[in-house]
Amino acid sequence: MSAVAPLRVGIAGLGRGFMLLLPTLAAHPNIRLVAATDPRDDARARFEADFQGQTYTSFEAMCQAPDVEAVYIASPHALHREQVECAARWGKHVLVEKPMALSLADCQAMIDAMQAAGRWLLVGHSHSFDTPYLRTAELIRSGEVGAVRMIQAMNFTDFLYRPRRPEELDTAQGGGVVYSQAAHQVDIVRLLGGGEVTRVMAQTGQWDPQRPTEGAYSALLTFANGAFASLTYSGYAHYDSDALLDWRGELGQHRSAGDYGKARKALADIESPEAEAALKNQRAYGTTLGLADTSLQGIGHNHFGFVLACCDAADLKPGPKGIEVYGHTSHRTLPLTEPDIPRREVLDEWVAAVRHDQAPIHSGAWGLATMEVCFALLESARTGQAVDLKHQCPVAPQKG
């Protein structure tokens with residue numbers, strides 16, 4: 001990306017999500033963190049020390065600040081609509097974390113507010129920003145391997161047993177793996193499959209009474225172009241699909257089989273929801289962690305489990321090190337160079353939209369379409385019936 005004036009960013013929510021993206025935000029040459037809002041005194045104090053930025057207890061007060069031109073919303077899911085509409089009123093560009101919102105009406109209201117303000121809305125970070133999937137999508141669009149016909153995506157993690165706040169275990173408040181994890185997986189298969197899903201058939205699993213939300217799902221997605229995708233996810237902390245990816249973790253970190261069981265063991269002595277929330281807070285920015293505790297050393301390309309795209313002339317298997325191409329009579333690997341700034345793709349897309357008026361893939365319309373699939377997944381599992389979709393968005397970038 002060519003040199004441009006850094007995007008002056010305010011952060012809404014200095015929690016775990018911000019902590020994960022922090023090293024990328026801090027290292028990106030076109031991003032400058034100038035403000036933040038969070039209810040925790042220690043988090044605001046740490047931000048001021050790390051970035052010499054202004055902090056606020058009110059989201060709207062931060063949006064009123066003339067030095068803030070764009071806002072990264074990493075707050076709880078239920079706040080997304082309210083905060084996007086507020087940012088739009090004050091003329092700020094927005095990157096809102098997935099899941100975009102908890103209803104289609106909220107998603108549409110966010111899009112409408114940003115369009116009326118004439119500002120860019122992006123939804124992410126989802127793993128469809130990751131270079132392995134972007135390069136695979138480019139290969140498919142080039143026509144070199146023919147049309148995509150079928151996609152298999154599966155991921156097995158410890159998601160449900162990482163420390164959680166009570167609302168993260170309540171589906172009605174956006175908890176469970178469908179809202180937080182299917183948003184990643186659906187984004188990836190939509191990127192590879194052409195974008196427009198027409199039908200969803202799914203089942204979900206809730207198998208631990210102590211974690212009373214969806215911990216697993218399987219879904220069959222049908223695309224407008226005739227392709228279909230099978231999605232499977234489990235966050236029950238048994239099998240770990242990083243074993244299929246040379247023990248490279250979802251966030252690009254090196255892992256080993258010795259990590260097995262750590263999530264469940266960490267929760268073994270937790271006796272109350274309050275204690276679990278406090279344990280999660282220890283992993284958030286400000287309480288015990290700050291910029292000095294982050295590093296990009298040894299971090300490679302991100303991924304979201306095993307993905308295989310079956311096309312007319314080849315099957316494509318993207319991974320952290322490259323894209324394996326299984327053709328009619330030969331197998332080759334298209335290598336990926338190690339990233340200079342891991343996870344920078346989402347920020348590159350945001351900066352390109354704001355500074356160069358370049359329509360992003362991951363627009364508000366794209367985010368709404370992904371959430372429509374997630375809502376349909378839950379409805380299909382509840383009713384036992386396939387769900388037909390209406391609000392889909394193709395891969396080709398569009399305004400809004």
Side-chain angles (χ1 to χ4, degrees), residues 77 80-81 98-112 115 121 123-124 126-128 133 137 140-141 147-155 171-172 174-206 213-214 216-234 304 307-311 361-400:
H77 312 332
H80 287 181
R81 174 180 175 172
K98 58 81 199 161
M100 183 177 179
L102 301 183
S103 73
L104 288 179
D106 285 351
C107 292
Q108 189 61 58
M110 293 157 68
I111 294 169
D112 292 345
Q115 287 181 335
L121 172 63
V123 181
S126 77
H127 280 286
S128 64
Y133 306 122
I140 292 171
R141 306 293 172 257
V148 63
R149 301 296 185 179
M150 178 177 72
I151 303 169
Q152 173 69 57
M154 65 176 186
N155 204 9
T171 304
V177 299
V178 174
Y179 285 118
S180 289
Q181 299 294 278
H184 286 297
Q185 206 171 42
V186 169
D187 254 18
I188 291 167
V189 300
R190 289 187 59 234
L191 180 74
L192 302 182
E196 298 181 82
V197 177
T198 58
R199 175 168 287 196
V200 176
M201 185 74 188
Q203 294 283 354
T204 59
Q206 295 188 34
T213 186
E214 292 81 15
Y217 61 81
S218 283
L220 181 65
L221 276 52
T222 305
F223 288 86
N225 59 13
F228 56 91
S230 175
L231 284 61
T232 296
Y233 186 95
S234 172
F304 201 70
V307 176
L308 187 71
C310 300
C311 304
I361 295 173
H362 301 85
S363 64
W366 176 273
L368 181 150
T370 287
M371 290 314 302
E372 184 185 22
V373 176
C374 294
F375 299 141
L377 195 161
L378 289 170
E379 182 181 351
S380 177
R382 179 179 60 82
T383 64
Q385 302 294 318
V387 177
D388 294 325
L389 306 187
K390 300 176 181 178
H391 302 89
Q392 286 298 296
C393 175
V395 168
Q398 296 182 341
K399 290 275 188 178

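The first residue of the sequence shown is numbered 1, and numbering continues consecutively from there. What you see below is based on every heavy atom in this structure, not just the backbone, and it leaves out hydrogens, waters and symmetry mates. Only a predicted model underlies this, so the values are computations on that prediction, with no experimental measurement involved.
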query: Can you check side-chain hydrogen bond (donor to acceptor under 3.5 Å, both in side chains) on Thr171 and Thr213, steps first, answer last?
result: CA-CA 6 Å; Thr171 304; Thr213 186; 2.8 Å; yes

field: Side-chain touch Ser180/His77, heavy atoms, less than 4.5 angstrom
entry: yes

task: Would you please test Leu378 and Glu214 for side chain to side chain contact (heavy atoms under 4.5 Å, CB included) and show each step?
output: CA-CA 9 Å; Leu378 289 170; Glu214 292 81 15; 3.8 Å; yes

- prompt: Are any non-hydrogen side-chain atoms of Ile111 and Met100 less than 4.5 angstrom apart?
  reply: yes

- prompt: Are the side chain of Ser380 and the backbone of Gln385 linked by a donor-acceptor contact shorter than 3.5 Å?
  reply: yes

message: List the residues meeting ring pair (Phe, Tyr, Trp, His ring centres under 6.0 Å) with Tyr217, not counting sequence neighbours, and say none if there are none.
response: Tyr233

query: Can you check whether Lys98 reaches Tyr179 side chain to side chain, under 4.5 Å on heavy atoms?
result: no

task: Could you verify whether a donor N or O on one side chain and an acceptor N or O on the other, from Ser128 and Arg190, lie under 3.5 Å apart?
output: no

task: Please check if the side chain of Asp187 supplies one atom and the backbone of His127 the other of a donor-acceptor pair under 3.5 Å.
output: no

Side-chain heavy atoms of Leu104 within contact of Glu372, under 4.5 Å: yes

- request: Search all heavy atoms of Leu102 against all heavy atoms of Ala172 and return the closest pair with its distance.
  value: CD1-O, 4.4 Å

message: Does any part of the side chain of Met150, heavy atoms only, come nearer than 4.5 Å to the side chain of Cys311, both counted from C-beta?
response: no

query: Is there side-chain contact between Gln108 and Leu368, with at least one heavy-atom pair below 4.5 Å?
result: yes

- request: Give a yes or no on whether the backbone of Gln203 and the side-chain of Ser218 come within a donor-acceptor separation of less than 3.5 Å.
  value: no

task: Scan Gln185, Met154, Gln152 and name whichever one has a side-chain contact (heavy atoms from CB on, under 4.5 Å) with Leu231.
output: Gln185

- prompt: To the nearest 0.5 Å, what is the distance between CD1 (Ile151) and CD1 (Ile140)?
  reply: 6.5 Å

task: Decide yes or no for Phe228 and Arg199: does some side-chain heavy atom of the first lie under 4.5 Å from some side-chain heavy atom of the second?
output: no

task: Decide yes or no on side chain to side chain contact (heavy atoms under 4.5 Å, CB included) for Gln115 and Asp112, but give the supporting numbers first.
output: CA-CA 5 Å; Gln115 287 181 335; Asp112 292 345; 4.2 Å; yes

- line: Nearest heavy-atom approach of Val123 to Gly364 is CG2-CA, 4.3 Å

Side chain to side chain, Val307 and Leu192, heavy atoms closer than 4.5 Å: yes

- line: Nearest heavy-atom contact between Ala137 and Leu191 is CB-CG, 3.8 Å

statement: Minimal heavy-atom distance between Ala309 and Val148, with the atoms involved, is CB-CG2, 4.5 Å

